[in-house]
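Structure first, then comments.
Computed from heavy atoms alone, side chains included, the values below leave out hydrogens, waters and symmetry copies.
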Amino acid sequence: MSARRANGSGVVVVGLGRFGSQLARSLTRMDREVLAIDHNPDRVQRWSDQLDRVVQADSTEEGALRQLGVASFERAVVAIGASVEASVLTVLALVELGLSQIWARATSQKHAKILSSVGAHHVIFPEAETGDRVAHLIVSRLLDFIEFDDDFAIATVRVPESLVGRTVLDLRPDERYEVRVIGAKLPGERFRYASDSTKLLEGGLLVVEGGIDQVQRFAGLR
């Protein structure tokens, strides 16, 4: 087992259409192990040189997924768009394997409800999402993420446990964080602009800005 899979960073991507392939490439660029699965041999051949591991298989069959070692992963994305039946059956198979995070692509609100009802933890609409953005959300504790040019991002994160009780001012002299807190939502309140005196409370949310790596690092604080 690779170090990346051992630390829970690996992701299974099922379906290598436009969205799934972009997502898989984004995850690979982020140095995440990717197991990509598609039933179409032409797609498997096309992406075999660009991704860690690409296999042809019927993702609706729990046994086939188990043989591929899917059960050893924590996260999977069902990016199938052409067949509602295949996407739903694939989610069911992943649920049976016990994956802790199952993301699934929906093509309609009705499809989204079905995916949620059979066990998908997160439902996404590729027409409104980009593969890069979803990749960042999948592999981090970010609640929302917007990437701009020049390695800059704005994200929503939960207040890390280690920072509970401190203020925004306390973070600025500390070079470990390298992000700027620009907004906060304290428990029971609305989002508001953050000031130096804004206190970081348990259960609160923060809006932070900074370099993409720095924002990811901050979101991963415990």
Once you round to the nearest 0.5 Å, how far does CH2 of Trp103 lie from CG of Leu23?
9.5 Å

For the CD atom on Glu85, are there more than 12 heavy atoms of other groups (residues, nucleotides or ligands in this structure) within a distance under 6.0 Å?
no

Give me the atom names and distance for the closest heavy-atom approach of Ala86 to Thr60.
O-CG2, 3.7 Å

Same cluster or not: Val70 versus Leu89, using hydrophobic residues (I, L, V, M, F, W, Y) connected whenever any side-chain heavy atoms lie under 4.5 Å apart?
yes

Flag side-chain contact, heavy atom, 4.5 Å: Arg25 against Gln50:
yes

What pair of heavy atoms forms the shortest contact from Val34 to Asp52, and how long is it?
N-OD2, 3.1 Å

For Gly20 and Ala79, the nearest pair of non-hydrogen atoms, with its separation, is CA-CB, 3.7 Å

Give a yes or no on whether Leu65 and Leu115 share a hydrophobic cluster (residues Ile, Leu, Val, Met, Phe, Trp, Tyr; joining criterion: side-chain heavy atoms under 4.5 Å apart).
yes

Can you find a pair of side-chain heavy atoms, one from Val207 and one from Val181, that are under 4.5 Å apart?
no

Count the heavy atoms belonging to other residues, nucleotides or ligands that lie under 6.0 Å from CD of Gln56, then report whether that count exceeds 12.
yes

State, to 0.1 Å, how close Val91 and Gly119 come at their nearest heavy-atom pair, and which atoms those are.
CG1-C, 4.2 Å

Can Leu99 be reached from Val118 by stepping across I, L, V, M, F, W or Y side chains whose heavy atoms are under 4.5 Å apart?
yes

Quick one, Val14 with Val77, criterion side chain to side chain contact (heavy atoms under 4.5 Å, CB included). Give me CA distance, side-chain angles, the key distance, then yes/no.
CA-CA 6 Å; Val14 183; Val77 184; over 6 Å; no

Distance-minimising heavy-atom pair for Ile80 and Ser59
CD1-OG, 3.8 Å

Between Val168 and Thr198, is there a side-chain heavy-atom distance shorter than 4.5 Å?
yes

State, yes or no, whether a side-chain contact exists between Leu94 and Val78 at a heavy-atom distance under 4.5 Å.
yes

Could you give me the CA-CA distance, side-chain angles and deciding distance for His111 and Ser87, then say whether side-chain hydrogen bond (donor to acceptor under 3.5 Å, both in side chains) is met?
CA-CA 9 Å; His111 186 192; Ser87 72; 2.7 Å; yes

Could you please spell out the steps behind the side chain to side chain contact (heavy atoms under 4.5 Å, CB included) verdict for Gln101 and Glu74?
CA-CA 6 Å; Gln101 289 191 43; Glu74 294 181 1; 5.8 Å; no

Just checking, is any N or O donor in the side chain of Ser26 or Arg29 under 3.5 Å from an acceptor N or O on the other one?
yes

Going only through I, L, V, M, F, W and Y residues with side-chain contacts under 4.5 Å, is there a path from Leu201 to Leu205?
no

Between Leu51 and Phe73, is there a shared hydrophobic cluster once you connect ILVMFWY residues whose side-chain heavy atoms come closer than 4.5 Å?
no

Within the structure provided, determine whether Leu68 and Arg53 are in side-chain contact (heavy-atom separation under 4.5 Å).
yes

Exercise: identify the closest heavy-atom pair between Val123 and Ala106:
CG1-CB, 3.5 Å

Extract all donor-acceptor atom pairs below 3.5 Å that involve side chains of residues 41-48 and protein atoms in other chains or at least two apart in sequence.
{"from": "Arg43", "atom 1": "NH1", "to": "Asp38", "atom 2": "OD2", "distance (Å)": "3.4"}
{"from": "Ser48", "atom 1": "OG", "to": "Gln45", "atom 2": "O", "distance (Å)": "3.0"}

Any side-chain heavy-atom pair from Val12 and Ile37 closer than 4.5 angstrom?
yes

Which distance, rounded to the nearest 0.5 Å, do you find between the CD1 of Ile102 and the CG of Leu92?
9.0 Å

Inter-residue atom distance Leu35.CG - Ser72.OG, 0.5 Å rounding:
8.5 Å

Look at atom NE2 of His39 and say whether more than 12 heavy atoms of other residues, nucleotides or ligands are closer to it than 6.0 Å.
no

For the atom pair CZ (Arg158) and CG (Leu163), what is the distance rounded to the nearest 0.5 Å?
15.0 Å

Between Leu27 and Glu33, does a side chain to side chain contact (heavy atoms under 4.5 Å, CB included) hold up when you go through it step by step?
CA-CA 8 Å; Leu27 291 166; Glu33 180 184 16; over 6 Å; no

Separation between CG (Asp170) and CG (Leu200), nearest 0.5 Å, reads 8.0 Å

Could you grab the distance from atom CD of Glu61 to atom CD of Gln67, nearest 0.5 Å is fine?
10.5 Å

